Structures are given as C-alpha cells and as structure tokens.
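One structure below.
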Amino acid sequence: MVRELTDKNFDQETGSGVALTDFWATWCGPCRMQSPVIDELNEESDGSVNYFKMDVDANQATPSKFGIMSIPTLLVTKDGEVVDKLIGYHSKEQILSKLESHK
C-alpha cells in the first residue's frame with residue numbers, strides 16, 4: 001500500500017533515497033486514473049524507490065512550497081531534493097523511465 005504523507009511528515013519520509021510523491025485530490029478525475037498506476041508501481045517495486053501520496057486539499061503547505069498548481073503532479077525527490085516533476089497523467093512506462101535516471 002502506498003503511504004499517505006502529510007505536511008508534518010513529508011520532509012522526514014522523503015529525506016533519504018529516491019521517492020515519488022503523487023499529489024492528488026478526491027475530486028480530480030485524472031488523479032483517480034493515476035492512483036492505480038502508482039499502486040501497481042509500489043507493489044512491483046524492488047525497494048529502490050519509495051512511493052507516497054499526498055492529498056492537496058488536506059495538506060496545503062507542501063504543495064505550495066513546491067509550486068504545485070495542477071494535479072496530478074508526481075514529484076520525484078532524491079535525498080530530499082527535487083530531481084523531477086511530472087504534471088498530469090503518466091503511464092507506468094513513462095514513470096519508470098523517469099525514475100531509472102535517478103536511482
């Protein structure tokens with residue numbers, strides 16, 4: 001199961017290693033399409049990437065900090081630093097391709 005992040009634990013959870021955070025909201029149609037893809041990636045993960053989700057309605061400070069204006073946005077961080085940002089729906093293959101360059 002993909003872990004939910006909050007404004008309080010975002011920095012701690014994504015501070016080391018490679019992490020992909022799916023910024024989403026319950027009312028967002030493309031987010032509902034993206035979510036199963038993230039779940040599948042998490043289930044198939046070899047542990048080299050940590051997968052997270054953050055509800056932008058319940059947590060507004062972190063999305064604001066990273067300038068997230070559209071959802072879904074997939075933020076890739078490595079050791080706490082942003083290394084990539086994907087805006088809109090992306091296929092499993094597209095996400096894996098992006099992640100490969102940051103492992």
Side-chain angles (χ1 to χ4, degrees):
M1 176 120 190
V2 177
R3 292 178 288 176
E4 286 280 343
L5 293 179
T6 65
D7 287 334
K8 290 182 182 178
N9 70 1
F10 180 87
D11 290 335
Q12 178 182 350
E13 292 289 332
T14 63
S16 64
V18 177
L20 181 141
T21 305
D22 176 13
F23 290 86
W24 68 285
T26 55
W27 49 263
C28 168
C31 297
R32 288 194 298 271
M33 292 170 47
Q34 188 69 75
S35 186
V37 175
I38 303 303
D39 291 340
E40 188 175 332
L41 286 167
N42 183 59
E43 288 172 20
E44 296 173 359
S45 177
D46 61 5
S48 62
V49 177
N50 294 306
Y51 294 92
F52 302 103
K53 293 181 183 184
M54 179 177 275
D55 183 337
V56 298
D57 289 333
N59 303 280
Q60 298 179 357
T62 303
S64 178
K65 172 182 167 182
F66 292 110
I68 294 172
M69 306 292 283
S70 302
I71 53 173
T73 290
L74 305 176
L75 196 67
V76 181
T77 55
K78 184 170 186 174
D79 299 329
E81 299 294 321
V82 176
V83 293
D84 225 326
K85 184 189 282 189
L86 304 167
I87 300 171
Y89 173 83
H90 287 78
S91 71
K92 180 178 168 182
E93 293 74 22
Q94 289 171 314
I95 296 168
L96 284 172
S97 174
K98 284 286 187 180
L99 290 173
E100 279 302 314
S101 64
H102 302 297
K103 289 186 183 177

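Every value quoted in this text rests on a predicted model; they were computed, and no experiment measured them. Starting from 1, each residue takes its place in the sequence as its number.
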inquiry  = Please report the interatomic distance CZ(Arg3) to NZ(Lys53), rounded to the nearest 0.5 Å.
reply    = 13.0 Å

query = Same hydrophobic cluster for Ile87 and Val56, using side-chain heavy-atom links shorter than 4.5 Å among ILVMFWY?
reply = no

ask   = Between Val18 and Val76, is any pair of side-chain heavy atoms under 4.5 Å apart?
value = yes

key: Phe66 vs Thr73 side-chain heavy atoms within contact, under 4.5 Å   = no

Shared hydrophobic cluster for Met1 and Val49 (ILVMFWY, side-chain gaps under 4.5 Å) = no

query = Can you check side chain to side chain contact (heavy atoms under 4.5 Å, CB included) on Phe10 and Thr21, steps first, answer last?
reply = CA-CA 9 Å; Phe10 180 87; Thr21 305; 3.7 Å; yes

request  = Give a yes or no on whether the backbone of Gly17 and the side-chain of Asp79 come within a donor-acceptor separation of less than 3.5 Å.
outcome  = yes

ask   = Where is the tightest heavy-atom contact between Pro63 and Met54, given as atom of each residue plus distance?
value = CD-SD, 4.0 Å

inquiry  = Can you tell me how far apart CG (Leu74) and OH (Tyr51) are? Round to the nearest 0.5 Å.
reply    = 10.5 Å

key: Taking every non-hydrogen atom, the tightest pair across Asp55 and Thr26   = OD2-CG2, 4.5 Å

task = Look at the side-chain heavy atoms of Ile, Leu, Val, Met, Phe, Trp and Tyr, link any pair under 4.5 Å apart, and say whether Val82 and Trp24 land in one connected group.
result = no

note = Closest non-hydrogen contact found for Lys92 with Glu44 is NZ-OE1, 2.6 Å

ask   = If every non-hydrogen atom of Ile95 is compared with every non-hydrogen atom of Ile38, which pair is closest and at what distance?
value = CD1-CD1, 4.0 Å

request  = Report, as yes or no, whether the 6.0 Å neighbourhood of atom NZ on Lys98 holds more than 12 heavy atoms from other residues, nucleotides or ligands.
outcome  = no

ask   = Any link between Leu41 and Val2 through a network of hydrophobic side chains (Ile, Leu, Val, Met, Phe, Trp, Tyr) touching at under 4.5 Å?
value = yes

note = Note: Leu20 and Leu99 closest approach over all heavy atoms is CD1-CD2, 4.1 Å

request  = Quick one: which residue pairs count as a disulfide (SG to SG under 2.5 Å) with a foot in residues 3-46, not counting sequence neighbours?
outcome  = Cys28-Cys31

Spatial distance of atom OG1 (Thr62) from atom CG (Asp11) [nearest 0.5 Å] = 6.5 Å

message = Do Phe23 and Phe52 land in one hydrophobic cluster if side-chain heavy atoms of ILVMFWY residues count as linked below 4.5 Å?
response = yes

task = Rounded to the nearest 0.5 Å, what's the gap from CD on Gln60 to CG on Asp7? Could you check?
result = 8.0 Å

key: Pairwise distance OG(Ser91) to CD(Gln34) - rounded to 0.5 angstrom   = 8.5 Å

key: Shortest non-hydrogen separation from Pro72 to Asp22 and the atoms involved   = CB-OD1, 3.9 Å

query = Got Gln94 and Val37 here, is their nearest side-chain heavy-atom distance under 4.5 Å?
reply = no

key: From Leu5 atom CG to Thr14 atom OG1, the distance as rounded to the nearest 0.5 Å   = 7.0 Å

